[in-house]
Amino acid sequence: WALLLTACGGGGGNGSDGGGVVVPPPNSSPVLDAVGDQILFEGTSQVIVTLSASDADGDSLTFSLAGADASFFDITASNELLPSAALDFEAPLDDDENNVYEIVIAVSDGNASDDEALSITIQDALEGRVVDGPVSGAGVVVAGESGSVVDAVETDDEGFWLIPEEIDTQSLQVKSTGGVDSATGKELSDLVLISDVPEDASGSINVNAITTVLSTAETAEQKTQILQSLGIDASPDELIASDIWEEASAGSEDAQAAQRINAQLNLIILTTQTIVSSSAGDSFDAEVSVLAVAAAIADSVIESD
């Protein structure tokens, strides 16, 4: 007897490995859409960028962070990259302490991934504090001769304000209107306080009664003369950059002396406003009255020397 053997050769077809086992197509790696280096103003928690990626297989994708400074940032469920908390230009937390945060963004389909290294530079913002005691809820504007240069912002519970915009600070003033003295709970609806913006506005710009008096002086020499007459051992720019409330609370005797002077000037301004407003009625202008009182104080100090 002859035994005839036959066999079917060739590939399995339809994704078979030849033995009847279906072989899945090779996985395509996801592709992260370019992000690029970013800039973020200090003191803000805004979204830096919304991440996106593509995958030829239509796989579900997951984004993640790595790198030296990754712990300072988060990715939301909507794939938005944002700081974990507002970052401070004056107190950098990045690994090199130079306000340039280095991170790596990665996207994965569970098997393959793509990533991009980038830097996020923290930019200095125009910021400061309004103090009688700390004044919360005050409207703060930055203005020049032609008027306001940015939208108004509001001071927080501790009197701090911040404007996260690029501003040419030459010949500008910061003006605070209204608010509540957080130390006493007193409503200050008619109080207007002003501070010049120094040419080098890299530090804090503090707004109080002393800076309001200084703002009415015509020359730098007169401003210095006013401070000396008030017994304050600082230049005008140093005084504007000094948070006298915080320093006084920390025990600085010089700051405590300056804060006492500030409180006295505030009392003079508010008392005069009360008298003027009661007689002026509807024609009362809070800013005009404050500037008139501040200028009178400045003139009397200058003339007495």
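Contact record, Val301 with Ser229: CG1-CB, 3.1 Å, taken as the closest heavy-atom pair. Annotation for Gly179 and Val135: closest pair CA-CG1, 3.8 Å, computed over non-hydrogen atoms. Minimum heavy-atom separation, Gly36 to Leu118: O-CD1, 3.5 Å. Between Thr224 and Pro236 the shortest heavy-atom distance is OG1-CD, 3.6 Å. For Leu61 against Ala53, the heavy-atom pair with the smallest separation is CD1-CB, 3.9 Å. When all heavy atoms of Gly128 and Ser204 are compared, the pair lying nearest together is CA-OG, 3.3 Å.
With Lys223 as the fixed residue, the side chain to side chain contact (heavy atoms under 4.5 Å, CB included) test singles out one of Leu214, Leu239, Ile302: Leu214.
When the salt bridge (Lys or Arg N to Asp or Glu O under 4.0 Å) test is applied to Glu287, the partners found at least two apart in sequence or on another chain are Lys175. Partners of Asp94 under the salt bridge (Lys or Arg N to Asp or Glu O under 4.0 Å) rule, at least two apart in sequence or in another chain, do not exist in this structure. Annotation: ring pair (Phe, Tyr, Trp, His ring centres under 6.0 Å) contacts of Phe72 (sequence neighbours excluded): Tyr101. Scanning for side-chain contact (heavy atoms from CB on, under 4.5 Å) contacts around Gln173 gives Ile194, Asp196, Ser215, with sequence neighbours left out. Glu80 pairs by the salt bridge (Lys or Arg N to Asp or Glu O under 4.0 Å) definition with nothing, not counting sequence neighbours. Listed by chain and residue number, Val31 satisfy the side-chain contact (heavy atoms from CB on, under 4.5 Å) test with Ser54 (two or more places apart in sequence, or in another chain). Take Gln123 and apply the side-chain contact (heavy atoms from CB on, under 4.5 Å) test, not counting sequence neighbours, and it matches Ile39, Phe41, Glu166.
A distance-only check finds a donor-acceptor pair linking the side chain of Ser182 to the backbone of Pro134 [under 3.5 Å]. Checking side-chain atoms of Asn99 against main-chain N and O of Ile122 turns up no donor-acceptor pair under 3.5 Å. Although no hydrogens or angles enter the test, the distance criterion places a donor-acceptor pair under 3.5 Å between the side chain of Asn206 and the main chain of Ile240. Although no hydrogens or angles enter the test, the distance criterion places no donor-acceptor pair under 3.5 Å between the side chain of Ser252 and the main chain of Ala248. The main-chain N or O of Val100 is found under 3.5 Å from a side-chain atom of Asn98 such that the two form a donor-acceptor pair. Of the possible polar contacts, one joining the Gln273 side chain to the Ala286 backbone as a donor-acceptor pair under 3.5 Å is found. Remark: the backbone N or O of Ile268 is not paired with any side-chain donor or acceptor of Thr271 at under 3.5 angstrom. In this structure, Gln259 contributes its side chain and Asp132 its backbone to a donor-acceptor pair below 3.5 Å. When atom types are taken as modelled, the side chain of Thr155 and the backbone of Gly137 share a donor-acceptor pair closer than 3.5 angstrom.
Sorted by first then second residue, the side chain to side chain donor-acceptor pair (under 3.5 Å) pairs that include residues 29-47, not counting sequence neighbours, are Asp33-Ser52, Asp37-Ser119. Counting only residues at least two apart or in different chains, side chain to side chain donor-acceptor pair (under 3.5 Å) contacts with residues 103-118 comprise Asn27-Asp109. Within the structure, no pair that satisfies the side chain to side chain donor-acceptor pair (under 3.5 Å) test touches residues 183-192, not counting sequence neighbours.
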Does the side-chain contact (heavy atoms from CB on, under 4.5 Å) test come out yes or no for Phe73 and Ile105, once each step is laid out?
CA-CA 11 Å; Phe73 300 89; Ile105 298 173; over 6 Å; no
Set out, in order, the CA-CA distance, both residues' side-chain angles and the distance that settles side-chain contact (heavy atoms from CB on, under 4.5 Å) for Val149 and Leu172, then state yes or no.
CA-CA 9 Å; Val149 297; Leu172 296 181; 4.1 Å; yes
Starting from the C-alpha separation in whole Å, work towards a yes-or-no answer on side-chain contact (heavy atoms from CB on, under 4.5 Å) for Gln256 and Arg260.
CA-CA 6 Å; Gln256 289 170 351; Arg260 283 194 294 271; 4.0 Å; yes
Where do Ile103 and Leu81 land on the side-chain contact (heavy atoms from CB on, under 4.5 Å) test, with the steps shown first?
CA-CA 11 Å; Ile103 66 172; Leu81 175 68; 4.1 Å; yes
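In the hydrophobic clustering of ILVMFWY residues, with side-chain heavy atoms under 4.5 Å counting as a link, Leu270 and Ile210 come out together. Hydrophobic clustering of Ile, Leu, Val, Met, Phe, Trp and Tyr side chains at less than 4.5 Å, counting indirect connections, keeps Ile48 apart from Leu162. Under a hydrophobic clustering in which Ile, Leu, Val, Met, Phe, Trp and Tyr are joined whenever their side-chain heavy atoms come within less than 4.5 Å, directly or via other members, Val293 and Leu193 fall into the same cluster. Cluster annotation: Ile205 is not connected to Phe89 through the hydrophobic network of ILVMFWY side chains, with a link wherever side-chain heavy atoms come within less than 4.5 Å. Residues Val150 and Val207 share a single hydrophobic cluster, defined by chaining ILVMFWY side chains whose heavy atoms lie under 4.5 Å apart.
Rounded to the nearest 0.5 angstrom, Leu265 CG and Asn262 CG are separated by 6.5 Å. Going from atom CG of Asp59 over to atom OG of Ser28 covers 8.5 Å, rounded to the nearest 0.5 Å. Interatomic distance, Leu93 CG to Asp69 CG, rounded to the nearest 0.5 Å: 9.0 Å. The CD1 atom of Ile226 sits 9.5 Å away from atom CD1 of Ile297, with the distance rounded to the nearest 0.5 Å. Here OG1 of Thr272 is found 9.0 Å from CG of Leu267. Values are rounded to the nearest 0.5 Å.
Through direct or relayed side-chain contacts under 4.5 Å between Ile, Leu, Val, Met, Phe, Trp and Tyr, Val131 connects to Trp245. Applying the under-4.5 Å side-chain rule to Ile, Leu, Val, Met, Phe, Trp and Tyr, the cluster around Val47 consists of that residue alone.
In the displayed structure, Asp233 atom CG is contacted under 6.0 Å by at most 12 heavy atoms of other residues, nucleotides or ligands. Residue-environment remark: CG (Asp124) exceeds the threshold of 12 foreign heavy atoms within 6.0 Å.
Residues Asp157 and Ser136 have side chains that never bring a donor and an acceptor to within less than 3.5 angstrom of each other.
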